[in-house]
Asks: 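I have a structure I would like to understand better, so I am pasting it below and will then ask my questions one at a time.
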Amino acid sequence: MASNEFQSLQGMSDIQAPEIYLWRMMEERARSVFNSYSYEELRTPVLEKLSVFQRSLGDTTDVVKKEMYSFKPSKHELAMRPEGTAGTIRHLAGRGEEGLNARVFYIGPMFRYERPQAGRKRQFHQVGVEATGEPNPLADAEAIALQKSLLDAWGLTGSKIQVSTRGEPSDRKPVADGLRAALQPHLNDLCEDCQRRIDENVLRVIDCKNESCQKIVDQIPSAIEFMSDASRAYLDQVIQALENMGIDVTVNPKLIRGLDYYVHTVWEISHSALGAQDALAGGGRYEIALGKKAIPGVGFAVGFERAIMALEACGITGGKFAPEGGLWLVSLGDAALAENMKLAAQLRAKGIRCGMELANKSMKAQMRKANRSGAAKVIIRGDDEIEKGIVTVKDMAEGSQEELNLEDLIRDA
RNA sequence: GUGAUUGUAGCUCAGUUGGUUAGAGCGUCUGGUUGUGGUCCAGAAAGUCGCGGGUUCGAAUCCCGUCUUUCACCCCA
């Protein structure tokens with residue numbers, strides 16, 4: 001089978017039935033949930049100028065540094081979007097005042113050149129939202145509530161919401177300095193990676209998976225303790241607002257989120273079914289400057305591939321959402337086949353799911369197909385029926401049959 | 001980028017220390033006498049054993065390369 005020519009690219013897969021029905025369910029319900037929170041859909045291009053991502057995600061992040069599909073077809077260096085926020089903000093920034101108070105969502109493919117792994121593809125799919133506006137703990141809480149509504153709508157259970165804060169930009173230095181000072185005495189006990197991280201990105205030491213590093217991290221003060229009173233108060237207000245809405249979250253000061261643009265609230269939703277990459281969704285408050293003015297907002301993204309892994313662990317699979325019901329037309333003889341083509345067109349015009357065999361096959365074969373299609377009823381027509389202007393209708397579940405006038409069938413269908 | 005791992009019919013997999021026409025189950029198709037499915041029975045079609053080299057009288061089985069799968073690190077959704 002699969003010769004190389006028929007293989008899709010590494011980390012990029014074809015999504016087909018029955019899994020596709022799960023995707024469709026998720027997309028449809030996502031749109032419905034977003035509508036209930038009065039968010040509008042925004043579709044931005046997959047390609048943007050490379051600078052759009054460099055400026056919003058940060059030059060130093062791995063995503064920008066080494067995971068982007070970029071190329072230069074003409075004047076500008078372009079890149080395929082590795083996430084949805086940058087393009088969305090690029091769009092909103094162009095809408096002036098209106099863009100500073102917008103609520104939009106997106107659904108679509110994202111691209112990152114990484115080694116594929118559980119729940120990680122090179123072309124992967126996200127649904128996300130962005131709500132722009134000045135920092136407001138209630139907005140952050142609402143975004144988390146919206147995300148929870150989304151997962152609930154999909155029927156996903158067993159996920160965990162963890163919340164933390166990055167503080168304000170002015171907190172960054174005190175936090176980094178404070179953590180470095182606290183870690184310094186333990187330097188030799190940290191893993192190799194972490195010894196490097198202390199200088200490069202000290203926050204990453206906090207969520208190192210190495211057990212011995214974790215022991216040390218547990219001993220030192222959390223990043224939040226080095227932040228200003230205002231930053232801590234902001235987080236408290238978010239937690240309070242979530243409590244008021246009855247949303248259960250865990251405050252985890254060790255939660256680190258990588259992108260540079262985050263300020264204040266950050267959060268992550270994880271699920272035990274996912275393996276090492278257990279985050280199926282993440283979000284946070286950000287401030288993104290593309291031009292002179294920074295755009296403040298809050299948003300989140302959910303990974304479809306990972307959400308699907310979690311859903312399947314909950315026993316929710318695509319097959320459950322496969323289309324079924326409707327009719328199947330069985331034709332005996334060429335005359336009936338021609339007549340059924342006409343009938344099918346009439347039924348389909350009424351929006352009825354309607355299948356039929358277009359080749360001259362045995363009745364047995366046609367019935368088998370009808371059964372497989374999930375049709376509720378089968379319309380059987382041969383020379384007899386054509387002559388009398390009737391159809392034989394068989395109920396597939398009960399096995400019962402009756403004869404109907406053709407006109408009655410078309411009218412009542 | 002680092003370290004492992006996978007690749008045999010549409011799908012899930014067997015294939016013994018390299019040896020004649022590569023197997024099974026599921027699925028598909030066709031039948032089981034006049035126009036009836038989901039069960040049962042019978043039969044059939046379907047693989048240049050991921051791709052390319054090499055070793056050998058002979059390779060799905062050994063070696064090298066390459067693509068791909070899966071997993072962990074890294075990073076992230």
Side-chain angles (χ1 to χ4, degrees), chain A residues 1-13 16 18 57 60-68 82-85 108-128 147 159 191-194 196-197 200-201 204 207-210 256-259 267-271 274-284 299-310 328 330-333 336 357 359 361-385 392-401:
Chain A
M1 41 136 257
S3 77
N4 286 350
E5 288 88 285
F6 302 140
Q7 263 172 5
S8 59
L9 291 171
Q10 181 173 22
M12 304 197 177
S13 35
Q16 61 173 343
L57 306 187
T60 55
T61 52
D62 277 23
V63 170
V64 169
K65 267 199 305 192
K66 48 190 189 191
E67 294 176 1
M68 283 208 291
E83 52 87 68
T85 301
M110 309 291 164
F111 302 84
R112 262 128 92 161
Y113 188 80
E114 300 179 274
R115 289 282 288 275
Q117 211 178 307
R120 172 197 287 178
K121 297 276 184 192
R122 287 182 171 176
Q123 175 175 335
F124 62 105
H125 301 77
Q126 288 187 334
V127 49
Q147 197 169 13
S159 60
C191 70
E192 247 178 69
D193 284 333
C194 284
R196 177 176 50 79
R197 286 178 180 133
E200 285 180 7
N201 190 350
R204 282 283 161 218
D207 69 347
C208 178
K209 282 174 190 161
N210 198 307
I256 302 300
R257 297 194 45 82
L259 304 177
W267 71 90
E268 207 166 273
I269 300 185
S270 57
H271 198 278
L274 264 49
Q277 271 69 42
D278 65 348
L280 66 89
F300 66 75
V302 183
F304 266 89
E305 282 82 357
R306 291 189 189 178
I308 284 171
M309 284 174 75
W328 189 273
V330 167
S331 329
L332 299 162
E357 171 63 59
K361 294 262 189 177
S362 73
M363 180 156 197
K364 188 172 193 158
Q366 294 190 59
M367 288 300 292
R368 264 201 280 257
K369 277 206 179 179
N371 183 56
R372 234 177 299 149
S373 83
K377 291 185 176 179
V378 170
I379 310 294
I380 302 165
R381 292 172 98 190
D383 293 338
D384 286 357
E385 284 88 350
T392 301
V393 180
K394 175 162 186 170
D395 184 300
M396 291 300 268
E398 291 176 18
S400 58
Q401 269 179 218

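Chain A is the first sequence line, chain B the second, and so forth, proteins listed ahead of strands; every chain is numbered from 1.
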Asks: Show me the protein contacts with nucleotides 38-44 of chain B, counting only N or O atoms at under 3.5 Å.
Replies:
{"residue": "B:G38", "atom": "O4'", "partner": "A:N371", "partner atom": "ND2", "Å": "2.9"}

Asks: Taking for each residue the nucleotide of RNA chain B bearing the nearest heavy atom, is the 5' side occupied by A:Q10 or by A:V63?
Replies: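 Going by which nucleotide is closer to the 5' end, it is A:Q10.
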Asks: How is A:R120 classified with respect to the nucleic acid when contacts are heavy atoms under 4.0 Å: base, sugar-phosphate, or nothing?
Replies: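 Here A:R120 touches the bases of the nucleic acid.
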Asks: Would you indicate what A:I380 reaches in the nucleic acid, counting non-hydrogen atoms under 4.0 angstrom: base, sugar-phosphate, or nothing?
Replies: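 The answer is base, as A:I380 lies within the cut-off (heavy atoms under 4.0 Å) of a base atom.
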Asks: Please assess A:S331 against A:R381 for the test side-chain contact (heavy atoms from CB on, under 4.5 Å), listing each intermediate value before the final yes or no.
Replies: CA-CA 5 Å; A:S331 329; A:R381 292 172 98 190; 6.0 Å; no
Asks: May I ask you to say what A:Q277 touches in the nucleic acid, namely base, sugar-phosphate or nothing, with a heavy-atom cut-off under 4.0 Å?
Replies: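 Here A:Q277 touches the bases of the nucleic acid.
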Asks: Which one of A:R368, A:K361, A:Q366 satisfies the side-chain contact (heavy atoms from CB on, under 4.5 Å) criterion with A:K364?
Replies: A:R368
Asks: With sugar-phosphate meaning primed atoms plus P, OP1 and OP2, does A:K377 contact a base, only sugar-phosphate, or nothing at under 4.0 Å between heavy atoms?
Replies: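 Nothing, no heavy atom under 4.0 Å.
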Asks: For A:G282 and A:C208, find the nucleotide of RNA chain B closest to each by heavy atoms; which residue's nucleotide sits nearer the 5' end?
Replies: A:C208
Asks: In which stems does RNA chain B show up, taking only runs of three or more Watson-Crick or G-U wobble pairs whose two distances fall under 3.5 Å?
Replies: B:1-4 with B:70-73, B:10-13 with B:23-26, B:28-32 with B:40-44, B:50-54 with B:62-66
Asks: Which part of the nucleic acid, if any, lies within contact of A:E114, taking any heavy atom under 4.0 Å across all strands shown: a base, the sugar-phosphate backbone alone, or nothing?
Replies: base
Asks: Taking atom P in both B:C67 and B:U28, what distance in whole Å separates the two?
Replies: 37 Å
Asks: If you go through the side-chain atoms of A:Q117, does one of them form a donor-acceptor pair with the base of B:C74 closer than 3.5 Å?
Replies: yes
Asks: Could you tell me whether the phosphate oxygens of B:U68, OP1 or OP2, come under 4.0 Å of any side-chain nitrogen or oxygen in A:R122?
Replies: no
Asks: Regarding A:A370, tell me which of base, sugar-phosphate or nothing describes its non-hydrogen contacts under 4.0 Å with the strands shown.
Replies: nothing
Asks: Checking all strands, does A:A365 fall into the base, sugar-phosphate, or nothing category for heavy-atom contacts under 4.0 angstrom?
Replies: sugar-phosphate
